[in-house]
Each structure stands twice: as structure tokens, then as C-alpha cells.
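Written below as C-alpha cells is the structure these notes are about.
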Amino acid sequence: VTTRIGLLGASVTQHPEFDKLLDYLMAPEREHVRLRGRTGDDGCDGGLGGLCCSISSVRTGTVTETLAAALTARGTNSLTIAVESGSERVRRIINKKLEQEEIFAAVRNAAAGGLQGLKLYGMVGIPGETEEDLEATVQMFRELKAEAPKLRLTFGCSTF
């Protein structure tokens, strides 16, 4: 018997029945279920008869205020999304179908839903990347912080 459940997939939150599953997990009779985003910094151990349900692969466009509020209500402090770059040009080079507004919406929704932090994954060193592209990433983070000043933003960066 386990006290942990993992919702795994390429993008769990894009499943057509995800909202129904979230409603099911959030029902009052299941308040013992803890939800955990990918960062895992919430100490989710299922203790005292609880059940820990972790959600992996949250796409930026699926971070809604409802999702953030559900995670917050069940003990999660933060969530992780992959933005790759603050430069739309670089995201086009790597075929990352993500618009700047989707990133800003995810930040607004995370903050409005009560999350304390949001980690954004990115890459540097992509062939064709310029100093202007790096500056675009720095500028995006400045603007994101202005958009949600109380939200702790973290940038995890890997080299290409």
C-alpha cells in the first residue's frame, strides 16, 4: 500500500478530463489528499493517513488560477514550468510553441491562486542565440517580477 500517487504524462494538465480529476481530488471528503507540483519542496509525505498526489509536466498555458488555488489549498507552495527563453525568437528557433503572454498569464495565475513561488526552466547557448536574446530573458524576468511582486521567481538554466 502506498500513500503516493503520481500523475505522469507529457502534459497531465492538458488531459481532457483533468478539470474533472482536479474537482474530484478537491472534494471535501478528500481533504486528506495533498497535491504537489513538480518542485517537490512542500514536504509531501502523506503522513497521518494522508495521500500525496504529485503532478508532473505542467505546461505554461495550463497554469490557471483554479489549478494554483487547488495546489495551494492542498499544501503546495510552488510550481515549475519550462519557458526555455525570454526571447520569442529563440523559442521559435527551438520550436517552443509558447507566446510571451502565456508566460505572463501563468505568473499572474500562480500569484492569484496563492502560490508562493514559480520556477521557470530555461536554456542558454542555443545555436543562433545572441546577446540580445539573453537580454530579452533578463528583461522578461524584470517584467514578470513587476507583474507579481510577491511571487518568488526562480530561473533554472541549462546549457544547450
Side-chain angles (χ1 to χ4, degrees), residues 2-88 91 94 96-123 136-158:
T2 184
T3 59
R4 293 179 178 263
I5 295 174
L7 303 178
L8 306 173
S11 181
V12 172
T13 53
Q14 286 185 309
H15 189 281
E17 302 293 322
F18 181 77
D19 289 341
K20 288 180 184 177
L21 176 61
L22 191 59
D23 289 343
Y24 175 84
L25 292 171
M26 292 307 296
E29 63 270 19
R30 283 178 276 295
E31 68 181 30
H32 64 286
V33 176
R34 302 231 10 232
L35 295 175
R36 181 176 102 163
R38 189 171 182 199
T39 56
D41 67 349
D42 49 67
C44 193
D45 61 8
L48 300 176
L51 177 68
C52 178
C53 182
S54 60
I55 301 171
S56 70
S57 302
V58 177
R59 293 202 184 213
T60 303
T62 65
V63 179
T64 63
E65 186 175 342
T66 301
L67 174 62
L71 291 168
T72 300
R74 294 297 168 85
T76 293
N77 298 319
S78 63
L79 193 59
T80 301
I81 58 175
V83 299
E84 310 311 351
S85 175
S87 165
E88 291 191 47
R91 289 196 304 271
I94 63 170
K96 178 81 172 182
K97 294 175 172 65
L98 178 64
E99 299 294 325
Q100 205 83 341
E101 178 49 34
E102 290 178 273
I103 299 168
F104 279 83
V107 167
R108 285 191 300 271
N109 290 337
L115 288 174
Q116 295 173 12
L118 188 65
K119 182 173 185 177
L120 293 87
Y121 282 138
M123 295 188 297
T137 300
V138 171
Q139 183 59 34
M140 180 188 74
F141 269 86
R142 287 183 181 130
E143 293 172 11
L144 290 173
K145 191 61 181 170
E147 187 85 16
K150 293 182 181 178
L151 189 65
R152 183 184 71 249
L153 295 174
T154 307
F155 186 57
C157 190
S158 299

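When a residue number appears, it is its place in the shown sequence, counting from 1.
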Closest heavy-atom contact between [X] and [Y]?
X: G86; Y: T137; result: N-OG1, 2.8 Å
X: L115; Y: T76; result: CD2-O, 3.7 Å
X: A82; Y: L98; result: O-CD2, 4.0 Å
X: V63; Y: A110; result: CG1-N, 4.3 Å
X: M140; Y: V83; result: CE-CG2, 4.3 Å
X: A70; Y: M26; result: CB-SD, 3.7 Å

Can a donor-acceptor pair be found, under 3.5 Å and without considering hydrogens, that links the side chain of T72 to the backbone of G113?
yes

Do the side chain of K97 and the main chain of R91 share a donor and acceptor less than 3.5 angstrom apart?
-> no

What distance do [X] atom [atom1] and [Y] atom [atom2] have between them, rounded to the nearest 0.5 Å?
X: T13; Y: L21; atom1: OG1; atom2: CG; result: 11.5 Å
X: L144; Y: R108; atom1: CG; atom2: CZ; result: 9.5 Å
X: R59; Y: I81; atom1: CZ; atom2: CD1; result: 12.5 Å
X: E101; Y: T60; atom1: CD; atom2: OG1; result: 12.0 Å

For a 4.5 angstrom cut-off between non-hydrogen side-chain atoms, does [X] reach [Y]?
X: S78; Y: R152; result: yes
X: I94; Y: E84; result: yes
X: T62; Y: F18; result: no
X: T66; Y: D19; result: no

Test side chain to side chain contact (heavy atoms under 4.5 Å, CB included) on L120 and I103 and set out the steps. CA-CA 9 Å; L120 293 87; I103 299 168; 4.2 Å; yes

- request: Let me see the working for L67 and V58 under side chain to side chain contact (heavy atoms under 4.5 Å, CB included), right down to the final yes or no.
  value: CA-CA 10 Å; L67 174 62; V58 177; 4.3 Å; yes

